Amino acid sequence: MFQHDRDRHFPEDFVWGAASAAYQIEGGWNADGKGPSIWDTFCHEKGRVFEDQTGDVACNSYELWEEDLRCITQLGLTHYRLSFCWSRLLPDGTTRHVNQKGVDYYNRIINDLLANSVTPMVTLYHFDLPQALQDRGGWESEEIAGFFDEYARFCFRTFGDRVKLWVTLNEPCVCAELGYEEAYHAPGVQKPGTSVYLVGHNMLKAHSRAWHSYNRLFRSEQQGLVSLALNSDWAEPCNPSNPEDVAATQRYIAFSLDWFASPVFGDGDYPAVMKAQIAARSRAQGCPSSRLPEITPQMKEEVKGTADFFAINYYTSRRVRFTKSAAQTVSFSSDKEAEGIVDPSWPIAGVSWMAVVPWGLRKLLKYIKDSYGDPRIYITENGFSAVDPAPLEDTQRCAFARDTLLEVLRAIRQDGVDVRGYFVWSLLDNFEWVQGYSVRFGLFHVDFTHPRLSRTMYRSGEQYAKIIASNGLSAVQEG
Ligand code: GAL
């Protein structure tokens, strides 16, 4: 494929990272003045999570940060993506009360990273809304954009002298769909076909307000970059010569990636196919207006262009076939009329949804380049799950990592996509939301039965360290 060895290398200054999220690793759920988040509440309700597990302790990164730092330096990461727990910093979600212990904790992480020449990328919101704000309506309430902006400004002001890469929201589409449509994630609300769009709408407003705040108040002095992390499967039609499958495939991507990418990176509005589909179905259902809120001309101006880079999380792909929904069914999936199917030839890693399709990432990257004006892209999450017993010799994951990075190289060299960096999900095995600790994504194995929650590098971690050290794949060619 590549003629010269140098072609197996990544561009100079390529960013090599790993990612984590506060609720999934920190523990210390009520330590030192932290306020509860919706994930604390959700996990403390019986029957929500696998074996009623919680993130109360998780990897205890709140107390064991130095262990995490050791993992980071052992890998030789250039960047580490972490998220702040909003209610650790602002226990009731507002700046009325600042929890200094929370500020100290994140200051220590940031300073330690920088002292070790690792650049932090900070996500402000990775699924864990302060419970106090949920009690005031959460993401369904329009007020939330103001609260988020206040929190974002607080973080820019407090940490922005050292943090130069910001992600406002992680995967708004997952927050909206899993949290409000399917009740599969916190806050466990199930209002199909309505709240999902309202929450998405308010998340867009929150993101754009925070971006404008940065732009207006902090950018000239701090010189950082702000974006939001979007996620999407890659999708191809089940039958490419069936126009209904082709149109369904377009909707499949419109209802995930484009839903947020089009307003922020495109023309400022929701994708036309999404608008048309939801409006037509809402009309047939006798709704006074579309269940998808309108992006007004003013909001369009506010949202458009509010990202300094494109952050994409990619895990898997689907073949898509058209499925006709009953006209009266009110739900996100019946609006979409597109069913995602795992091709039987694709291997499955760990959890059933994780079909391993490295080439899907290359296609998704090309799609982003072509649809959104060739932005600079960071792959802010990509990973491979394992279920227990998860051997340290994770050869399948090693092969997956090589195949995936080869596809990223092809995207860069052959398709001319401006990919600037790659973050593995995740640094450590951690609390995988409703699947608890039964699913492992780490570069480091965590022994959750051990009192010190000991971290041990997987073979794939060793391989990643070699890839980083050589800035390419030649050193690991043969596995
Ligand atoms: C992403 C999410 C992460 C992680 C990963 C693996 O959607 O941002 O928190 O759980 O999926 O499932």
Side-chain angles (χ1 to χ4, degrees), residues 17-27 37-39 42-43 48-50 53-55 58-59 61 80-86 121-129 167-182 184-186 200 203 207 227-234 255-257 259-260 311-318 340 342 348-357 360-361 364 378-387 390 394 397 400-401 404 422-444 446 460:
S20 68
Y23 189 75
Q24 294 178 278
I25 64 166
E26 283 181 4
S37 81
I38 54 173
W39 270 94
F42 190 75
C43 292
R48 291 292 200 179
V49 174
F50 173 76
Q53 294 172 347
T54 72
C59 307
S61 295
Y80 177 54
R81 175 176 176 229
L82 69 147
S83 83
F84 286 170
C85 170
W86 185 343
M121 175 187 271
V122 172
T123 304
L124 293 175
Y125 185 77
H126 199 123
F127 302 173
D128 48 354
L129 191 74
V167 171
T168 55
L169 306 173
N170 182 66
E171 302 187 348
C173 139
V174 167
C175 296
E177 197 186 342
L178 299 190
Y180 294 81
E181 177 83 10
E182 299 178 4
Y184 189 65
H185 270 197
M203 289 193 121
H207 160 76
S227 187
L228 77 176
L230 305 181
N231 63 292
S232 188
D233 298 348
W234 176 243
F255 276 71
S256 54
L257 184 77
W259 178 7
F260 297 94
I312 182 75
N313 298 349
Y314 170 80
Y315 286 91
T316 191
S317 292
R318 290 291 182 266
V342 172
I348 301 292
V351 281
S352 60
W353 60 265
M354 248 247 44
V356 183
V357 194
L361 177 55
L364 185 63
Y378 290 89
I379 299 159
T380 35
E381 284 179 34
N382 176 249
F384 180 100
S385 66
V387 286
D394 55 346
R397 196 192 264 138
F400 155 83
T404 302
Y422 175 85
F423 291 74
V424 171
W425 181 268
S426 183
L427 179 67
L428 307 172
D429 288 341
N430 59 45
F431 178 79
E432 175 55 17
W433 309 116
V434 284
Q435 275 143 345
Y437 301 96
S438 67
V439 173
R440 295 174 178 271
F441 271 96
L443 289 162
F444 281 78
V446 176
S460 58

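We use all heavy atoms of the structure for the numbers below, so side chains are in, but hydrogens, waters and symmetry mates are not. Because the structure is predicted, anything quoted here is derived from the model rather than measured. All ligand and atom numbering here is 1-based and tracks the order in the structure.
Listed by number with element, the atoms of ligand 1 under 4.0 Å from a non-hydrogen atom of Phe441 are 6 (C), 12 (O). Per-residue contacts place Trp433 under 4.0 angstrom from the following atoms of ligand 1 (heavy atoms of the residue considered): 3 (C), 4 (C), 9 (O), 10 (O). Every atom of ligand 1 is numbered from 1 in the order shown, and the set under 4.0 Å from a heavy atom of Gln24 is 3 (C), 4 (C), 9 (O), 10 (O).
Distances between N or O atoms of Trp353 and those of ligand 1 include no value under 3.5 Å. Between His126 and ligand 1, an N or O atom pair is found at a separation short of 3.5 Å.
Counted by atom type alone, Glu177 and Tyr184 present zero donor-acceptor pairs between their side chains at under 3.5 Å.
Formation of a donor-acceptor pair under 3.5 Å by the Asn170 side chain with backbone atoms of Ala229 is not found in this model.
When all heavy atoms of Phe84 and Ala22 are compared, the pair lying nearest together is C-CB, 4.1 Å.
Ring centroid separation for the pair Phe431 and Tyr437 comes in under the 6.0 Å cut-off. Taking the ring centroids of Phe127 and Trp433, they lie under the 6.0 Å cut-off.
With a 4.5 Å cut-off on side-chain heavy atoms, Trp39 and His185 count as touching.
Taking atom 7 (O) of ligand 1 as the reference point, the nearest protein heavy-atom neighbour is Glu171 OE1, 2.5 Å. The single protein non-hydrogen atom nearest to atom 3 (C) of ligand 1 is Glu381 OE1, 3.5 Å, given as residue, atom name and distance. Here the protein heavy atom with the shortest distance to atom 6 (C) of ligand 1 is Glu432 OE2, 3.4 Å. Summary of contacts: the protein heavy atom closest to atom 5 (C) of ligand 1 is Tyr315 OH, 3.2 Å.
Considering CH2 of Trp353 and OG1 of Thr316, their distance stands at 7.0 Å, rounded to 0.5 Å.
Using 4.0 Å as the threshold, Asn170 has a heavy atom nearer than that to some atom of ligand 1.
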